[in-house]
Amino acid sequence: MRRILKIVSASATVTGIFLLLGSDASAVSIDFNGMPGTAQTLQLLFLLTLLSLAPSIILMMTSFTRITIVMSFVRSGLGLQQTPPNQVLIGLSLFLTLFIMTPVANQINEEAYKPFSKGLITQEQAFTNAINPVRTFMLKQTNTQEMKLFLSISNSENPQNYDDIPTQALIPAFVLSELKKAFIMGFMILIPFMIIDMVIASTLMSMGMIMVPPAMISLPFKLILFVVVDGWSLVVKTLVLSFSR
């Protein structure tokens, strides 16, 4: 039963993506006519596996990773445990991801889904047309160091151009690059909060108030600073602009 619920949930997620792209999800169909029984079973098993992994694949190949990690650093820097709650941070990260990835999604819709739904291109060509915009986005955000690392691990030949880079090496290199950039941004975010904590702790020690938790006193000051400088807008703006470079 749990497996069925996961498949239904994944299917709903993929359907929602098609709706967000302005496509008609009901037009998607799979033709099993003329295939042997074993081939049909394997094809159906592959489809169900792809649907169950689709949400994770989509999240790891988009801007979601960097956004959600930076948001977590902001909450940790403020010293708040459950405010904003995880649901709010994940929801904000998803909508920011949709905002950033809209050009890529529109390109996939125009070059892959619409021609395939009209029968103008084959399934293999549709997959190629769909993965190319995603590869371009990932290549733009992937560091050279991480890319060289996975190319050397996979014993791949030095690519002559971007098209020669294998996707199986590009995806983990992209994820590592996103983690690295997210941690760098998180470090920059934590510096002003750390300075406030140090000032409050030094002040309390000089006043002999050793038993008073510094975090309890510094929390209001960090909140005031974050609100005065319009911290959420600055964080969101920095995140969005970081993907346009």
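Position 1 is the first residue of the sequence, and the numbers go up from there.
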Interatomic distance, CG@Leu89 vs CE@Met71, rounded to 0.5 Å, equals 7.0 Å
Can you measure from CG (Leu92) to CG (Leu96) and round to the nearest 0.5 angstrom? 4.5 Å
Would you check if Gln107 and Asn132 make a side-chain contact, meaning some heavy-atom pair closer than 4.5 Å? no
Find out whether Ile69 and Glu178 are in side-chain contact, i.e. whether some heavy atom of one side chain is under 4.5 Å from a heavy atom of the other. no
Less than 4.5 Å apart, side chain to side chain, heavy atoms only: is that true for Leu179 and Leu176? yes
Does a side-chain heavy-atom distance below 4.5 Å link Leu59 with Leu94? yes
I'd like to check Arg66 versus Ser242 (side-chain heavy atoms, cut-off strictly below 4.5 Å). Are they in contact? yes
Taking every non-hydrogen atom, the tightest pair across Ser152 and Leu149: OG-O, 2.6 Å
Taken in chain and number order and not counting sequence neighbours, the residues that satisfy salt bridge (charged side-chain N to carboxylate O under 4.0 Å, His left out) with Lys222 are Asp197
Thr136 OG1 to Ile131 CD1 distance, which is reported to the nearest 0.5 Å: 10.0 Å
With clusters defined by side-chain heavy atoms of hydrophobic residues (ILVMFWY) lying less than 4.5 Å apart, directly or transitively, does Val104 cluster with Phe99? yes
Starting from the C-alpha separation in whole Å, work towards a yes-or-no answer on side chain to side chain contact (heavy atoms under 4.5 Å, CB included) for Ile90 and Thr68. CA-CA 7 Å; Ile90 296 299; Thr68 187; 3.7 Å; yes
State whether the number of non-hydrogen atoms from other residues, nucleotides or ligands found under 6.0 Å of Gln145 atom CD is greater than 12. no
Check: Tyr113 and Ile108 side chains under 4.5 Å, non-hydrogen atoms: no
Please check this pair: side chain of Thr65 against backbone of Met60, looking for a donor-acceptor N/O pair closer than 3.5 Å. no
Indicate yes or no: at least one non-hydrogen side-chain atom of Phe193 is less than 4.5 angstrom from one of Ser76. no
Could you check if a side-chain atom of Phe64 sits within less than 4.5 angstrom of a side-chain atom of Met101, using non-hydrogen atoms only? no
Nearest-0.5 Å distance that lies between atom CZ in Phe187 and atom CG in Leu190: 8.5 Å
What distance separates Thr102 OG1 from Asn106 CG, expressed to the nearest 0.5 Å? 6.0 Å
Can you pull out every ring pair (Phe, Tyr, Trp, His ring centres under 6.0 Å) where at least one residue sits in residues 138-157? Sequence neighbours excluded, please. none
So, for Pro84 and Trp232, which heavy atoms are closest and what is the spacing to 0.1 Å? CG-CZ2, 3.9 Å
